There are 2 protein chains.
Amino acid sequence: MSSNDLDTKRERIVEAAGELFAERGFEATTVRDICQAADANVAAVNYYFGDKQRLYVEAVVRAHRWRMERVKLPEWSVDTTAEQKLADFIKTFIRRVRSGPGDTWHTRLIMREIGNPSAACAELVQSSIRPQFEILLSILGELLPDETDAQKLRLTAFSIVGQCLFYHFADPVIRNLLNDEEYAALEIEKLADHITQFSMQSFKHRIRSDRAGAKR
Amino acid sequence: MSSNDLDTKRERIVEAAGELFAERGFEATTVRDICQAADANVAAVNYYFGDKQRLYVEAVVRAHRWRMERVKLPEWSVDTTAEQKLADFIKTFIRRVRSGPGDTWHTRLIMREIGNPSAACAELVQSSIRPQFEILLSILGELLPDETDAQKLRLTAFSIVGQCLFYHFADPVIRNLLNDEEYAALEIEKLADHITQFSMQSFKHRIRSDRAGAKR
DNA sequence: AATTGATTAAAACAACTGTTTAAAACTAGT
DNA sequence: ACTAGTTTTAAACAGTTGTTTTAATCAATT
């Protein structure tokens, strides 16, 4: 009974492992902790996955797939404005990055892998991050003047992505910096609106592109 | 001889430890590795610092002090424009955050502590990050219209800091994403100029503050 | 009921972890 | 030269790590 269901022992182990890896990192998570959380014997990890390392990459890959399936970019028709596309991109990106209160471990594990990249990171970039980055570049290509060079386009993309990622990577600091009320006010919708607005306003000034170079 | 010099065994251990902690993190760094790198006996860590944990926080504190001494905000006169202050702030912030090629371990260790915060993080926020954040808020207070509320001010500060921090936290991804030539083009001066320009342009549009909320 | 194969369980493995011990080596001050 | 204090060393400690081994248990087929 139930060979595909998520209640097989193998599944339970990846799930428990993913959660613990996301919480404590690879080194600090012991095989024994994982097996105890999955209600399995110590030998189960090696039986099913060979070793701890391969269990880890399986958890990362699964987390990534799960996250991509869940939160997707909306479908765009031919007459969707570039501004609208950017707003959608930013909102989706923040949703993917910022782990809400009732959230699963998937996002945190991927973000940890990006922060402390192992071998699985390079593959993650190729299969997922790069195409997303290309989408953003094409949107910016529509928004910025045609003569904008590739370097400027890239820097602008980084400025947008950086604003979004900040709320993940700096989260512990933000929590220390703000009081509870201020922190709670950082809802995903509000963040996305602000970043979209902040960035769009910047584009509308792209006439005189250099700014007197700040004294020096 | 030489009680204050940096060639005492104690100094060599903190130095070696900081480098290894910055490179591999706390868990993955062994006391034996540290002592071997410092050319000391295994017992040296416990003799001088009590235990591994206390050696770690000493390394973090020292790294932070070192970084703060090295790269400082310039002195501002009464007639320095807010725009100039912002440019200075961004350039200094990036210098503090982005570890150049011939760089020491100090920056990386602090960034790691922020990413995987231990007990030392809260103190770091209070003693250093918060005052820096206040400075940025006061600059933005000059640049933005008077009626701007505190929340908007905070979000704007996050947008700027986020753009800067991106080049640290996403560095491994960026390296994978760009080719060598493109990556090498990301010099600190250029990044700072772009971020300053991108942000300043955004401020000059602060007349109509809401932007039709992006359909939904 | 017996056989086959996959799964689980308990125990042991060797290697490594941070830390301690106790003796040696060194460095002054007298 | 002796001594008191600090520093360094080698060895051992107790605990944990990932992994293996070997046997027991289970589920289904014959």
Side-chain angles (χ1 to χ4, degrees), chain A residues 1-62 105 109 112-113 116 118-120, chain B residues 1-62 105 109 112-113 116 118-120:
Chain A
M1 60 188 94
S2 82
S3 67
N4 56 347
D5 204 346
L6 48 80
D7 241 1
T8 129
K9 197 123 256 186
R10 210 189 120 100
E11 293 298 310
R12 299 197 58 183
I13 291 177
V14 214
E15 196 72 18
E19 186 155 359
L20 289 171
F21 283 143
E23 205 78 22
R24 316 177 187 172
F26 180 79
E27 305 280 352
T29 304
T30 76
V31 173
R32 281 172 175 81
D33 287 340
I34 295 171
C35 291
Q36 182 178 346
D39 199 35
N41 189 270
V42 216
V45 162
N46 301 82
Y47 176 75
Y48 282 111
F49 303 93
D51 56 18
K52 185 188 175 186
Q53 180 76 35
R54 267 174 286 186
L55 167 59
Y56 175 78
V57 316
E58 174 136 351
V60 170
V61 167
R62 171 172 312 222
W105 50 271
L109 180 56
R112 186 182 278 277
E113 171 64 21
N116 289 44
S118 77
Chain B
M1 57 188 90
S2 82
S3 68
N4 57 346
D5 205 345
L6 48 81
D7 240 1
T8 128
K9 196 124 256 184
R10 210 190 121 100
E11 294 297 309
R12 298 198 58 182
I13 292 178
V14 212
E15 197 73 18
E19 188 157 358
L20 289 171
F21 283 144
E23 205 77 22
R24 317 178 185 172
F26 180 79
E27 305 280 353
T29 303
T30 76
V31 174
R32 281 172 176 80
D33 287 342
I34 295 171
C35 290
Q36 182 178 348
D39 199 35
N41 189 270
V42 217
V45 162
N46 302 82
Y47 177 75
Y48 282 111
F49 304 93
D51 56 21
K52 184 188 176 187
Q53 180 76 34
R54 266 173 287 186
L55 167 58
Y56 174 79
V57 317
E58 174 135 353
V60 170
V61 167
R62 173 172 312 221
W105 50 269
L109 179 56
R112 185 181 280 277
E113 171 63 21
N116 290 44
S118 77

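We name chains A, B, ... by the order of the sequence lines, and we start the count at 1 in each one. Given the structure is predicted, the values throughout are model-derived calculations rather than measurements.
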*Asks:* Using side-chain heavy atoms (C-beta onward) and a distance below 4.5 Å, is A:Y56 in contact with A:V61?
*Replies:* no

*Asks:* Sugar-phosphate atoms are those with a prime plus P, OP1 and OP2; base atoms are the rest. Using that split, label each nucleotide of nucleotides 13-18 of chain C B, S or - for protein heavy atoms under 4.0 Å, 5' to 3'.
*Replies:* ----BB

*Asks:* Check A:I13 against A:A44 and note the closest heavy-atom contact, atom names and distance.
*Replies:* CD1-CB, 3.6 Å

*Asks:* Rounded to whole angstroms, how far apart are OH on A:Y56 and P on D:dT17?
*Replies:* 18 Å

*Asks:* Please list every donor-acceptor pair under 3.5 Å in which a side-chain atom of residues 15-28 of chain B meets a protein atom from a residue at least two apart or in another chain.
*Replies:*
residue	atom	partner	partner atom	Å
B:E15	OE2	B:W105	NE1	3.2
B:E23	OE1	B:R108	NH1	2.7
B:R24	NH1	B:D33	OD2	2.9

*Asks:* In whole angstroms, how far is the P atom of D:dT9 from the CD1 atom of B:I13?
*Replies:* 10 Å

*Asks:* Where the side chain of B:K52 meets the backbone of B:T30, is there a donor-acceptor pair that is under 3.5 Å apart?
*Replies:* no

*Asks:* Please give, in whole Å, the distance from C:dA12 C1' to A:N41 CG?
*Replies:* 13 Å

*Asks:* Using a cut-off of 4.0 Å on non-hydrogen atoms, how would the nucleic acid contact of A:F49 be classed: base, sugar-phosphate, or nothing?
*Replies:* nothing

*Asks:* Side chain of B:Y48 only, heavy atoms from C-beta on: which candidate in D:dT7, C:dA10, C:dT20 is closest?
*Replies:* D:dT7

*Asks:* Nearest whole Å is fine: how far is D:dT17 P from A:R24 CZ?
*Replies:* 10 Å

*Asks:* Within the side chain of A:E113, is there an N or O that forms a donor-acceptor pair under 3.5 Å with the backbone of A:V60?
*Replies:* no

*Asks:* With a 4.0 Å limit, can you tell me whether B:Y47 has a side-chain N or O closer than that to the phosphate oxygens OP1/OP2 of D:dT9?
*Replies:* no

*Asks:* Can you measure A:R12 atom CZ to C:dT8 atom C1' for me and round it to whole angstrom units?
*Replies:* 14 Å

*Asks:* What pairs with B:R62 under side-chain contact (heavy atoms from CB on, under 4.5 Å), at least two apart in sequence or on another chain?
*Replies:* B:E11, B:V14, B:E58

*Asks:* Give one of base, sugar-phosphate or nothing for A:A44, where a contact means two heavy atoms less than 4.0 Å apart.
*Replies:* nothing

